[in-house]
S.K.: 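Pasting in a structure now, in structure tokens, and then I'll have a few things to ask.
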Amino acid sequence: MSKASIPKGTRDFLPSEAKKRAYLFDTIKAVFESHGYDPIETPAMEHLQTLLGKYGEEGDRLIFKILKRGDKFKAALQSGNDFADQALRYDLTVPFARFVVQHRSDLSFPFKRYQMQPVWRADRPQKGRYREFYQCDVDCIGTESLHAEVELLQIIETVFDRLGLSGVEVRLNNRKILMALAQYLNAEERLIEMTVIIDKLDKIGLRKVCEELSSIGFADDQIKKLVDIITLTGNPSVLFESLTDTFAQIPDGLKGVEELQFLFDMAKALNIKGLKLDLSLARGLNYYTGAIFEVTHPDFKSSICGGGRYDDLTSLFGLEGMSGVGISFGADRIYDLLEQKGLFDQNTSASAQVLFANFGEQEVKYAQNIAAKLRAEGIACEVYLERVKMKKQFSYAHAKNIPHVLSIGSEEIGGALLPIKNMASGETQKLSLEAIISLLNSKNDH
RNA sequence: GUGGCUGUAGCUCAGUUGGUUAGAGUAACGGUUUGUGGAUCCGUAGGUCGCCGGUUCGAUCCCGGUCAGCCACCCCA
């Protein structure tokens, strides 16, 4: 007999948790759909080649690979390599790019899709980090319009607003500015190393950032120029002006500034709040080419949402000129944060509104009949399936948080009135079926 | 992949300066004479004290290893 347990970094969800998760997913989904995004799904596993090389060196290491089976596995054993040909998806964006290329003739562009599915990473689990977790992606692909970015900003604001979570910070930057920065420092080939380091600015502080830059060979004057830029703060429009001066000779930089300026202008026009320009925001995924987003909350250590624009992702699968932008909500982290802040309580309830308690087999049959009528009226209800003591049946209703118990005994069979107990008040009243239906329906409306 | 902390009942934790029958709370189950729940009361059950090895007359307690969990780094949702 093996011990009952699940793999590291995975979780079971009890009914109370699963209901809260359903509420979270439903809320996010409703916002996505209200902006015209359609759902898609892709398989849990992809060809290993589809995923490899898309997430950087670190990312490749964290991909869960699936062992070959049978003769192919034996052959791999003998050669000592190529043990895997498939892998669990690492995120939803790369499979989405694959999907778009593969099904391009069935899609009309710009294509707006959402996708809420689990992804897997062979990371070491810790607070806010799981090996299996859900991402809720929205992407708009096939347009370069910056209005797509604006729409994502609206979605972010609406989602957290509906979840009742205040205080979220949406940090914004643009990869073109980071590229320009590398050019400005004559360090274009160090772009990735550089961005990884400056991304840590708010975490490790300016001094350590300088040390790290120095340790990978940046000269002091380069570091100074860089620091002067990434530590710029204040009013975005003033900031944009000074960046425009700095990047006067660098087209990428000017473009990036212009794009950011547009987003901030639009956000102001649409009254989107909580936006913050952060020139040190880099994000690890290397396929981003334009706007990059990251959403954080002061009470949570890691980001709860992130994304950006990618111009060339589909070209990895043979389709050029397909720019897209998307973000991903980290459902599990958002769940943890909502739980931590006690924002779930008023939003979840019992599945059934009524439990039918019974005194025997005949009564169960009778109860099933009435239950079917209630369900036809849109009232969720449940029949206790066997004859056990009333105490046990009422305890069951209590444990499941079912607000009403309707007892069926020999007296009730064929009778006009049914005793329905309100579990919160403890009061029992005898009502006709019609009265019960209208009582429960009136509660439904709220 | 690197480092730190922890590992006693389903859960939360006591405890033994190493000594023979390891405790509590809570949850579960049952009972208070079979038509009524939510911390009324009573009772029952549940532990190879993570696993392996060492020291010792003796280890749940000390030491080593191992596994697992948590936290941090890396990286990320």
Side-chain angles (χ1 to χ4, degrees), chain A residues 3-12 14 24 28 55-63 89-93 115-138 156 192 195-197 199-200 203-204 208 212 281-286 293-297 300-308 326-337 355-360 363 384 387-412 418-428 430:
Chain A
K3 194 188 168 198
S5 68
I6 52 176
K8 187 200 290 275
T10 66
R11 292 146 304 150
D12 287 326
L14 293 167
L24 174 60
I28 294 172
Y55 310 107
E57 233 175 273
E58 180 73 8
D60 280 357
R61 204 168 58 80
L62 298 178
I63 293 173
R89 68 164 101 81
Y90 176 89
D91 73 352
L92 300 179
T93 305
Q115 186 174 359
M116 311 200 297
Q117 289 191 281
V119 303
W120 293 268
R121 295 185 188 177
D123 224 340
R124 193 103 148 225
Q126 56 179 278
K127 194 176 180 67
R129 171 179 303 176
Y130 305 99
R131 286 188 154 185
E132 178 185 61
F133 61 96
Y134 275 73
Q135 292 192 324
C136 304
D137 274 37
V138 249
I156 290 170
I192 292 174
T195 54
V196 166
I197 293 174
D199 192 40
K200 299 185 206 169
K203 208 169 190 178
I204 64 175
K208 291 226 163 178
E212 288 202 26
L281 175 65
R283 296 191 53 78
L285 274 351
N286 295 324
F293 312 90
E294 187 159 288
V295 182
T296 54
H297 190 280
F300 205 76
K301 193 174 157 9
S302 35
S303 65
I304 52 180
C305 179
I327 51 171
S328 180
F329 289 81
D332 303 81
R333 287 179 176 177
I334 295 170
Y335 178 99
D336 289 347
L337 179 55
L355 176 77
F356 285 85
N358 72 79
F359 286 93
E363 287 86 343
Y384 200 93
R387 199 257 138 96
V388 296
K389 270 181 294 198
M390 274 298 124
K391 181 187 170 84
K392 170 74 180 157
Q393 299 189 51
F394 275 80
S395 299
Y396 177 84
H398 177 75
K400 285 189 76 170
N401 217 358
I402 299 172
H404 304 278
V405 176
L406 218 158
S407 306
I408 304 294
S410 53
E411 290 171 30
E412 283 73 31
L418 300 167
I420 184 166
K421 175 165 178 170
N422 180 321
M423 294 294 278
S425 69
E427 284 168 16
T428 302
K430 291 201 167 192

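As a basis for the values below, the full set of heavy atoms in this structure was taken, side chains included, without hydrogen atoms, waters or symmetry mates.
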S.K.: Are the side chains of A/Leu355 and A/Met423 in contact, using a 4.5 Å heavy-atom criterion?
M.R.: no
S.K.: Which nucleotide, B/C75, B/U32, B/G35, lies nearest any side-chain atom of A/Arg387?
M.R.: B/G35
S.K.: Any strand is fair game: report the nucleotide pairing with B/C29 by Watson-Crick or G-U wobble, both distances under 3.5 Å, or none.
M.R.: B/G43
S.K.: Under 4.0 Å between a side-chain N/O of A/Lys301 and OP1 or OP2 of B/C73, yes or no?
M.R.: yes
S.K.: Specify the residue among A/Asp199 and A/Gly9 whose closest nucleotide of RNA chain B lies further upstream toward the 5′ end.
M.R.: A/Gly9
S.K.: Do A/Lys8 and A/Pro125 have side chains that approach each other closer than 4.5 Å (heavy atoms only, starting at C-beta)?
M.R.: yes
S.K.: On a plain distance test, is the side chain of A/Arg61 in donor-acceptor contact with the base of B/C74 below 3.5 Å?
M.R.: no
S.K.: Where each residue is assigned the nucleotide of RNA chain B containing its nearest heavy atom, which of A/Ser407 and A/Arg124 is assigned the position nearer the 5′ end?
M.R.: A/Arg124
S.K.: Mind calculating the distance between CZ (A/Phe394) and C1' (B/U36) to the nearest angstrom?
M.R.: 4 Å
S.K.: If you compare every side-chain N and O of A/Lys392 against the phosphate oxygens of B/U36 (OP1, OP2), does one of them come in below 4.0 Å?
M.R.: no
S.K.: If you take all heavy atoms of A/Ser303 and A/Glu294, which pair is closest and at what distance?
M.R.: CB-CG, 3.6 Å
S.K.: Just N and O in the side chain of A/Arg283: are any of them under 4.0 Å from OP1 or OP2 of B/A77?
M.R.: yes
S.K.: Sticking with atom C1', work out how far B/U60 lies from B/C52, rounded to a whole angstrom.
M.R.: 15 Å
S.K.: Taking the P atom in each of B/C13 and B/C70, what is the distance between them to the nearest angstrom?
M.R.: 14 Å
S.K.: Reckon A/Val119 touches a base, only the sugar-phosphate, or nothing at all at heavy-atom distances under 4.0 Å?
M.R.: nothing
S.K.: Does A/His398 contact B/G38 through a side-chain donor or acceptor facing the base, at a distance under 3.5 Å?
M.R.: no
S.K.: CD1/A/Ile334 to OH/A/Tyr134 distance, rounded to the nearest 0.5 angstrom?
M.R.: 15.0 Å
S.K.: Send over the distance from A/Lys8 NZ to B/G69 C1', rounded to a whole Å.
M.R.: 8 Å
S.K.: Rounding to an integer number of angstrom, what distance separates B/C74 and B/G3 when you compare their P atoms?
M.R.: 15 Å
S.K.: Applying the Watson-Crick and G-U wobble criteria at under 3.5 Å, what pairs with B/A9? Answer none if nothing qualifies.
M.R.: none
S.K.: Base, sugar-phosphate, or nothing for A/Glu411, non-hydrogen atoms under 4.0 angstrom?
M.R.: base
S.K.: Using whole Å, report how far CE of A/Met390 lies from P of B/U33.
M.R.: 17 Å
S.K.: For the P atoms, the ones on B/U48 and on B/G65, what distance do you get once it is rounded to whole angstrom?
M.R.: 26 Å
S.K.: Any side-chain N or O of A/Lys127 under 4.0 Å from OP1/OP2 of B/C70?
M.R.: no
S.K.: Between atom CG in A/Asp332 and atom P in B/C76, what is the gap in whole Å?
M.R.: 18 Å
S.K.: When all nucleic acid strands are considered with a 4.0 Å heavy-atom cut-off, which category describes A/Glu294: base, sugar-phosphate, or nothing?
M.R.: nothing
S.K.: Could you walk me through whether A/Phe356 and A/Glu363 satisfy the side chain to side chain contact (heavy atoms under 4.5 Å, CB included) test, starting with their C-alpha distance in whole Å, then the side-chain angles of each, then the deciding distance to 0.1 Å, before giving a yes or no?
M.R.: CA-CA 9 Å; A/Phe356 285 85; A/Glu363 287 86 343; over 6 Å; no
S.K.: With a non-hydrogen cut-off below 4.0 angstrom, is A/Asp123 in contact with a base, only sugar-phosphate, or nothing?
M.R.: base
S.K.: If we take the P atom in both B/U17 and B/C29, what is their distance in whole Å?
M.R.: 38 Å
S.K.: What is the nucleic acid contact for A/Gly128, judged by heavy atoms within less than 4.0 Å: base, sugar-phosphate only, or nothing?
M.R.: base
S.K.: Tell me whether the ring of A/Tyr396 lies stacked over the B/G37 base, given a 5.5 Å limit on centroids and a 30° limit on the plane angle.
M.R.: no
S.K.: Expressed in whole Å, how much space separates the P atoms belonging to B/A27 and B/G69?
M.R.: 29 Å
S.K.: Taking atom P in both B/C5 and B/U66, compute the distance separating them and give it to the nearest angstrom.
M.R.: 15 Å
S.K.: Are any of A/Gln126's side-chain N or O atoms less than 4.0 Å away from OP1 or OP2 of B/A72?
M.R.: yes
S.K.: Nearest whole Å is fine: how far is B/G37 C1' from A/Lys389 NZ?
M.R.: 14 Å
S.K.: Nearest to the side chain of A/Glu412, which nucleotide is it out of B/G35, B/C76, B/U36?
M.R.: B/G35
S.K.: So what does A/Cys305 hit on the nucleic acid, given a heavy-atom distance under 4.0 Å: a base, only sugar-phosphate, or nothing?
M.R.: sugar-phosphate
S.K.: Please give, in whole Å, the distance from B/A77 C1' to A/Met116 CE?
M.R.: 15 Å
S.K.: Please give, in whole Å, the distance from B/C73 C1' to A/Lys208 NZ?
M.R.: 11 Å
S.K.: Confirm from the modelled atom types if A/Lys421 and B/G37 form a donor-acceptor pair under 3.5 Å, side chain to base only.
M.R.: yes
S.K.: Given atom CG of A/Asp336 and atom P of B/C70, what is their separation to the nearest angstrom?
M.R.: 12 Å
S.K.: Has A/Arg11 got its NZ or CZ under 6.0 Å from the middle of the six-membered ring of A/Tyr130, at an angle within 45 degrees of the ring axis?
M.R.: yes
S.K.: A/Ile327 versus A/Asp137: any side-chain heavy-atom pair under 4.5 Å?
M.R.: no
S.K.: Using a cut-off of 4.0 Å on non-hydrogen atoms, how would the nucleic acid contact of A/Ala424 be classed: base, sugar-phosphate, or nothing?
M.R.: base
S.K.: Report, as yes or no, whether the 6.0 Å neighbourhood of atom CD1 on A/Ile192 holds more than 12 heavy atoms from other residues, nucleotides or ligands.
M.R.: no
S.K.: In whole Å, measure the gap between the C1' atoms of B/U21 and B/G64 for me.
M.R.: 31 Å
S.K.: Would you classify A/Gly59 as touching base, sugar-phosphate or nothing, given that sugar-phosphate means primed atoms plus P, OP1 and OP2, and contacts are heavy atoms under 4.0 Å?
M.R.: nothing
S.K.: Now, which nucleotide makes the Watson-Crick or G-U wobble pair with B/C73, with each of the two distances under 3.5 Å?
M.R.: B/G1
S.K.: What is the pairing partner of B/C62, taking Watson-Crick or G-U wobble pairs with both distances under 3.5 Å in any strand?
M.R.: B/G54
S.K.: Could you check if a side-chain atom of A/Tyr384 sits within less than 4.5 angstrom of a side-chain atom of A/Lys392, using non-hydrogen atoms only?
M.R.: yes
